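To start, the structure under review is shown below, and the notes come after it.
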Amino acid sequence: MQPWFTDAKLGIFVHWGIYAVDGVQESWSFYDDIVPHEQYMSQLGRFTGARYDPKAWADLFARAGARYAVLTSRHHDGVALWDTAYGDLSLGRDYLTGYADALREKGLKVGLYYSHSDWNHPDYASTRKPGRPPEMEDNRYSECSAQDEDLQAWERFIAYRDGQIRELASRYRPDLMWFDGEWDRSEEQWRIPELAALIRSYSPDVVFNARMLSEGDYATPEQGAPIVPPDGPWELCLTINDSWGYQHHDHNHKSLAQLIRYFTETIGGGGNLLLDVGPMEDGTVPQPQVERLEGLGEWIRRHADAVYGTVRGLPAGHHYGPSTLSADGRTLYLTLFDAPRAEIGVRGLATPVRRVTVLGTGTELGHRVVGGLHEAVGVLWIDPPAGADLDPYATVLAVELDGELELYRGSGRF
């Protein structure tokens, strides 16, 4: 795992492809027979990218406080966003070079999404996952019946896949490869170790998400925020509305306050938030998503010390809200979502406290420890900040410790 990833805290997921033309669900809409396949693929000829401006994307992502982005170079529908020499489906233009160059100019790491599966490739539905129950219904786009397996066709598909991956790795030298679609086949069928070695031959320090199976570097919970954060590095991928790609009818956008909660809870659990945008087919990001990214960036800038250079904070039960901890273990950052009506309590804090301030304003708050017996420490009580010190979305208190953080996790004296 590369240190840049665990300190990035925020990444931007970009789902952009032909599905934005009609505003239908990416790939799944034809796979599940919601949209006729011919109609879905007709979007290929109507995709323009007429206002695609990767520098504007990169500028927006940087203003949001992101440190990396991940663009769908090829979804399950097999349509490539670069001028690939492999397969018959591409947009006839290289959209990735401008994207990668623009991100790097802004100091952001370059991520590429690539689907293991390709439901449009003629050789893809030539086998099935080992151990799959025979009574399971076959989907004509992804698998065949056991008696119809064609291993030579599968070899052709792997050659096609490797050719595209070699193009991506050699041309764009991605910092992160975000794979998807791993459920369709086994690790052996995908030849995961060989695939990882191919990519690393061009980008030795590349980071893989967990959908590279045994070669994955971090967990990737999707849409559902974990109640118990995963051990080790992880990333919550989350949509701003209910859709990954652009869907013109989906106006159910999460509020800025909700997104700040997702973000602070994620980084408090040691993870990154990979927040998704779905550009329209012309390449412009919908205004409601722009506004939320800019709002999140403004909050992050006011509270940068509690975001970058931190690690996961207190376990549940010590403080009723998310928290982060400085890398040296000497400053604890407590997030308050609501205006406190009384003192703020922190339990189990064994390290003495030097000072408590409101992050962003610098106002110092009174504090005291009450109670405790033997090894069971007392409760730290912090005076509530005044109204002028409260952030409209989430207020952060910086608790400076007299030494590295130590916690009491026992049950007290019986």
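What you see is a predicted model, and the numbers here were worked out from it, not measured in a lab.
In this structure, W183 and W28 have parallel ring planes: the angle between them is below the 30° cut-off, well short of the 60° mark. Between F13 and H15, the ring planes lie perpendicular to each other; the angle is over 60°, past the 30° to 60° tilted range. Aromatic ring orientation, Y114 versus F179: perpendicular (interplanar angle above 60°, classes split at 30° and 60°). In this pair, F30 and Y141 present their aromatic rings perpendicular. The plane angle is above 60°, beyond the 30 to 60° band.
Using a 4.0 Å cut-off between charged side-chain N and carboxylate O, R302 and D391 make a salt bridge. Between E143 and R132 a salt bridge is recorded (basic side-chain N to carboxylate O distance below 4.0 Å). For the pair K109 and D205, the salt-bridge criterion is not met [side-chain N within less than 4.0 Å of a carboxylate O].
Screening residues 155-165 for salt bridge (charged side-chain N to carboxylate O under 4.0 Å, His left out) gives D123-R156, E155-R191 as the qualifying pairs, with residues at least two apart or on separate chains. Residue pairs meeting the ring-ring contact (aromatic ring centres under 6.0 Å, His included) criterion with at least one partner in residues 304-335, sequence neighbours excluded, are absent.
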Without placing hydrogens or testing angles, list every side-chain donor-acceptor pair under 3.5 Å for residues 264-271, not counting sequence neighbours.
| from | atom 1 | to | atom 2 | distance (Å) |
| --- | --- | --- | --- | --- |
| T264 | OG1 | I260 | O | 2.9 |
| T264 | OG1 | R261 | O | 3.2 |
| T266 | OG1 | Y262 | O | 2.7 |

Please tabulate, for side-chain N and O atoms in residues 192-201, each donor-acceptor pair with protein atoms closer than 3.5 Å (sequence neighbours left out).
| from | atom 1 | to | atom 2 | distance (Å) |
| --- | --- | --- | --- | --- |
| R200 | NH1 | E215 | OE1 | 3.1 |
| R200 | NH2 | E215 | OE1 | 3.3 |
| S201 | OG | L198 | O | 2.5 |

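In terms of the ring-ring contact (aromatic ring centres under 6.0 Å, His included) criterion, Y172 has no residue partners (sequence neighbours excluded). Applying the ring-ring contact (aromatic ring centres under 6.0 Å, His included) criterion to W234, with sequence neighbours excluded, gives no partner residue.
Defined by atom type and a distance below 3.5 Å, a donor-acceptor pair is missing between the side-chain atoms of T239 and N241. D389 and T361 are linked by a side-chain donor-acceptor pair at a separation below 3.5 angstrom, with hydrogens and angles left out of the test. E149 and S126 form no side-chain donor-acceptor contact under 3.5 Å, judged by distance and modelled atom types alone.
Between W16 and W57, the ring center distance clears the sub-6.0 Å criterion.
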